[in-house]
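Below: one structure, written as structure tokens.
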Number of protein chains: 2
Amino acid sequence: MRSDARKNYDHILAVARDLLSEDGADASLRDIARKAGVGDGTLHRHFPTREALLEALLRTRFDALTARAGELARCEKADEALLSWLREAIVVTHSYKGVIAPMVAAITDETSALHSSCVDLRQAGAGLLERAQAKGLARPDMDGNDLFALISALAWLADQPPLVPRADHLFAIIADAVLPGRTGGTPGNEAA
Amino acid sequence: MRSDARKNYDHILAVARDLLSEDGADASLRDIARKAGVGDGTLHRHFPTREALLEALLRTRFDALTARAGELARCEKADEALLSWLREAIVVTHSYKGVIAPMVAAITDETSALHSSCVDLRQAGAGLLERAQAKGLARPDMDGNDLFALISALAWLADQPPLVPRADHLFAIIADAVLPGRTGGTPGNEAA
DNA sequence: CGTTTAAACGGGGCATCGCTCCACTTAATG
DNA sequence: CATTAAGTGGAGCGATGCCCCGTTTAAACG
């Protein structure tokens, strides 16, 4: 890659990071190009689609998340490991408003630039889930796909302004369902 | 309303129903107008925004859902009443691909044409929830907003093609969390 | 250091979108 | 039948993602 190309590539990425943080994942690509001081053509050659741009922005975060899963796999408490990784995964998948939908679409679309990132994410989660299941801490009737779907749903929830105030609470409720019998769980109404 | 206006109004609605079923809630309004044989201006006067069109399409379904909640409130088993209403609510909010996002946005936006429909929906759910809570069948730490958020998340989930195969299963898991201790619930791994 | 050449550039262009505006048509009334 | 207000439809606006291609420029070579 030529030096001027590299410079533009990096600069576009930096500008995109800013603009997507403000306006969400569907910010205008033209705006990004303009703000970066390059032409539309330049942006679209470096990042042929919006997803390619998102992938470049999220790649390092996903890698960190996978690494983090590796660390947590060595933690004794498999349930808490899964729980805190879930929390982190949701934070990451929520880096930019509106990224969740393209991510979900990408997991079955092998042509998408986001595909491998999503597969990695599911894989990392599945590992932690299986460990918690082996120790009898997590529901046995779930797999990596279910976990991925739950993360997606919770991240989407946290992305809808009217639902934000409920996001943490619902996370707790769903965590109860995935990891039954944890402390602080379902308050005592077993008397029914 | 003049007779020709009424005819156009009804015809647009019929065409919209078809086209939105195929292409989802973000189908092109121009296409709808063209297919209905009217001009853009005509469509936009009858339905100033996409949400107004959605509202007209969903109104009767929402009303039916509210009425259904009234019936179910007389059912003895408050937990099963809530459960089957939830199922129906998700089906309705999933009538057209992509309706959920505008609906969620509308619940805090009083200027939206969809606002009152959403408020009605939340209200109906809250009633059934409170009844189940009073009988000690549902988690006490939830309210109508939480339920609305859960319905939204589950409907969104069922709207993402890659997640569809998991939708029913996750519904069951979350239902377990909302109505703890039901039969068929969390399979026996309490030994942990 | 000058020449060459392929990589990189940028912006004009295309089709599409939601929505507005307004000159025209037409249903309904007295 | 004349009047008139309600209704119509399509041209037009600004914006979008993405393509195309004439022009510029970095960098390798003699």
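Side chains included, hydrogens not; waters and symmetry mates left out as well; all remaining heavy atoms used. To find a chain, count down the sequence lines: A is the first, B the second, and so on, and within it residues start at 1. Computed from a predicted structure; not experimentally measured.
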Selection from [options] that lies nearest to any side-chain heavy atom of [X]:
{"X": "Arg2(A)", "options": "dG10(C), dA27(C), dT25(D)", "answer": "dT25(D)"}
{"X": "Arg45(B)", "options": "dC19(D), dG9(D), dG10(C)", "answer": "dG9(D)"}
{"X": "Asp31(B)", "options": "dT8(D), dC17(C), dG12(C)", "answer": "dC17(C)"}
{"X": "Ser28(B)", "options": "dT16(D), dA7(C), dC17(C)", "answer": "dC17(C)"}
{"X": "Asn8(B)", "options": "dT8(D), dC19(C), dC17(C)", "answer": "dT8(D)"}
{"X": "Arg30(B)", "options": "dA8(C), dG7(D), dC13(D)", "answer": "dC13(D)"}
{"X": "His44(B)", "options": "dA27(C), dT20(C), dC13(D)", "answer": "dT20(C)"}
{"X": "Ser3(B)", "options": "dA28(C), dG10(D), dT8(D)", "answer": "dA28(C)"}
{"X": "Leu29(A)", "options": "dT8(D), dG10(D), dC18(D)", "answer": "dC18(D)"}

To the nearest Å, how far apart are [X] [atom1] and [N] [atom2]?
{"X": "His11(B)", "N": "dG7(D)", "atom1": "NE2", "atom2": "C1'", "answer": "17 Å"}
{"X": "Met1(B)", "N": "dA28(C)", "atom1": "CE", "atom2": "P", "answer": "12 Å"}
{"X": "Tyr9(A)", "N": "dA7(C)", "atom1": "OH", "atom2": "P", "answer": "19 Å"}
{"X": "Arg6(A)", "N": "dA27(D)", "atom1": "CZ", "atom2": "P", "answer": "12 Å"}
{"X": "Leu54(A)", "N": "dG17(D)", "atom1": "CG", "atom2": "P", "answer": "12 Å"}
{"X": "Arg50(A)", "N": "dG17(D)", "atom1": "CZ", "atom2": "P", "answer": "5 Å"}
{"X": "Arg34(A)", "N": "dG14(D)", "atom1": "CZ", "atom2": "P", "answer": "14 Å"}
{"X": "Ile32(A)", "N": "dG17(D)", "atom1": "CD1", "atom2": "C1'", "answer": "12 Å"}

Open item on the list: Determine whether a donor-acceptor pair (N or O, by modelled atom type, separation under 3.5 Å) exists between the side chain of Glu22(A) and the backbone of Ala27(A).
Closed with: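 Checking the backbone N and O of Ala27(A) against the side chain of Glu22(A), no donor-acceptor pair under 3.5 Å is found.
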Open item on the list: Any side-chain to backbone donor/acceptor pair from Lys35(A) onto Arg30(A)? Under 3.5 Å, distance only.
Closed with: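 It does not hold such a pair.
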- [ ] Assign the ring pair Trp156(B) / Trp156(A) to parallel, tilted or perpendicular, where the plane angle (0 to 90°) is split at 30° and 60°.
- [x]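 Plane angle under 30°, so parallel.
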Task: Along DNA chain D (nearest heavy atom to each residue), the more 5'-positioned of Gly41(A) and Asp26(A) - done: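 Counting from the 5' end, the first nearest nucleotide belongs to Asp26(A).
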Task: Salt bridge present between Asp146(A) and Arg166(B) (N-O < 4.0 angstrom) - done: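 Yes, this pair counts.
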TODO: Could you tell me whether Ala36(A) contacts a base, only the sugar-phosphate backbone, or nothing, with contacts defined as non-hydrogen atoms closer than 4.0 Å?
DONE: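 No contact.
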Open item on the list: Quiz question: by atom type and distance under 3.5 Å, do the side chains of Asp159(B) and His94(B) form a donor-acceptor pair?
Closed with: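 Yes, His94(B) and Asp159(B) have a side-chain donor paired with an acceptor closer than 3.5 Å.
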- [ ] For dG10(C), take OP1 and OP2 only and decide whether either is under 4.0 Å from a side-chain N or O of Thr42(A).
- [x]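 Result: yes.
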Open item on the list: When you measure from the centre of the six-membered ring of Phe62(B), is the NZ or CZ of Arg59(B) closer than 6.0 Å and no more than 45° off the axis?
Closed with: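 Relative to the ring axis of Phe62(B), which defines the angle, Arg59(B) lies outside at least one limit.
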Task: Pair of N/O donor and acceptor under 3.5 Å linking dC19(C) base with Asp40(B) side chain - done: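 Answer is yes: a donor-acceptor pair is held.
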